[in-house]
Amino acid sequence: VQLQASGGGLVQAGGSLRLYCAASGRTLSRYYMGWFRQAPGKEREFVAVISWSGITTDFEDSVKGRFTISRDNARNTVYPQMNSLKPEDTAVYYCAASGRGYSQLATTYDYWGQGTLVTVSS
């Protein structure tokens, strides 16, 4: 599976961005899809996950109520929606696919996209 993340950019605090993770090479419908982020000087951290069906989602505490995530398996694409962005959300955001079910651990994900940079100005 090849994953391509996009949609990042510069946004003011309080603004919104919609990211995209498009897959090729294999259908995403059998994978849980996770999003992680890595800020400068920090370790990569879990942000969100969505089940293969799209019914179940989970989020890191700091983004709950602000971020949502959806998927379109027919288009092989996952869509995190980020609202009420804060400067501390600034990071490179990565999408990843797991064939092992729900997980917040980066080490359990099998495939990774290249990342897309989100910068939130104050």
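Residue numbers count from 1 along this sequence. Keep in mind that the numbers below use all heavy atoms, side chains included, and drop hydrogens, waters and symmetry copies.
Taking OH of Y32 as the reference point, atom OG of S98 lies at 9.0 Å (rounded to 0.5 Å). Atom CG of N73 sits about 8.5 Å away from atom OG of S53, to the nearest 0.5 Å. One finds the CZ atom of F46 at 9.5 Å from the CG atom of L105 (value rounded to the nearest 0.5 Å). Here the OG1-CD distance, from T116 to Q4, works out to 9.0 Å after rounding to the nearest 0.5 Å. From L3, atom CG reaches atom OG1 of T77 across 10.5 Å, with rounding to the nearest 0.5 Å. Put simply, SG on C21 and CD1 on I69 are 9.0 Å apart, with the number rounded to the nearest 0.5 Å.
Across all non-hydrogen atoms, the minimal contact from R71 to I50 is NH1-O, 3.6 Å. The two residues W35 and A5 come nearest to each other via the heavy atoms CH2-CB, 4.1 Å. Across every non-hydrogen atom of V92 and G115, the tightest pair is CG1-CA, 3.8 Å. Residue S121 comes nearest to L10 through the heavy atom pair CB-CD1, 4.3 Å, listed as atom of the first residue, atom of the second, then distance. The shortest heavy-atom contact between L85 and L17 is CD1-N, 3.9 Å. Between N83 and S16 the shortest heavy-atom distance is OD1-OG, 3.0 Å.
Atom CZ of R30 has 12 or fewer heavy atoms from other residues, nucleotides or ligands within 6.0 Å. Enclosure of atom CZ in R100 by more than 12 non-hydrogen atoms of other residues, nucleotides or ligands within 6.0 angstrom is indicated.
Side-chain contact between V118 and L19: present, with at least one pair of heavy atoms (C-beta onward) separated by less than 4.5 Å. Within the 4.5 Å cutoff, the side chain of Y31 has heavy atoms near those of the R26 side chain.
Geometrically, R37 does not engage Y94 in a cation-pi contact, judged by NZ or CZ lying under 6.0 Å from the ring centre and within 45° of the ring axis.
Although no hydrogens or angles enter the test, the distance criterion places a donor-acceptor pair under 3.5 Å between the side chain of R66 and the main chain of S84. Proximity of a side-chain donor or acceptor of T90 to a complementary backbone N or O of T119 within less than 3.5 Å is not detected.
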For F36 and Y109, what are the C-alpha separation, side-chain angles and deciding distance, and is it a ring pair (Phe, Tyr, Trp, His ring centres under 6.0 Å)?
-> CA-CA 11 Å; F36 294 79; Y109 283 75; 5.2 Å; yes
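Residues V11 and V63 fall within the same hydrophobic cluster, defined by Ile, Leu, Val, Met, Phe, Trp and Tyr side chains chained together at heavy-atom separations under 4.5 Å. In this structure, V49 is not a member of the same hydrophobic cluster as Y93, with clusters built from ILVMFWY side-chain heavy atoms closer than 4.5 Å. Linking ILVMFWY residues whenever their side-chain heavy atoms come closer than 4.5 Å, directly or via other members, leaves L28 and Y79 in distinct clusters. Residues V47 and W112 do not share a hydrophobic cluster, clusters being chains of Ile/Leu/Val/Met/Phe/Trp/Tyr side chains in contact below 4.5 Å.
Taking the charged nitrogens against the carboxylate oxygens, K64 and D61 do have a contact shorter than 4.0 Å, which makes a salt bridge.
Counting only N and O atoms by type, the side chains of Y102 and D58 include a donor and acceptor under 3.5 Å apart.
Tested against T68 for a side chain to side chain contact (heavy atoms under 4.5 Å, CB included), the candidates R18, Q81, M82 yield a single pass: Q81.
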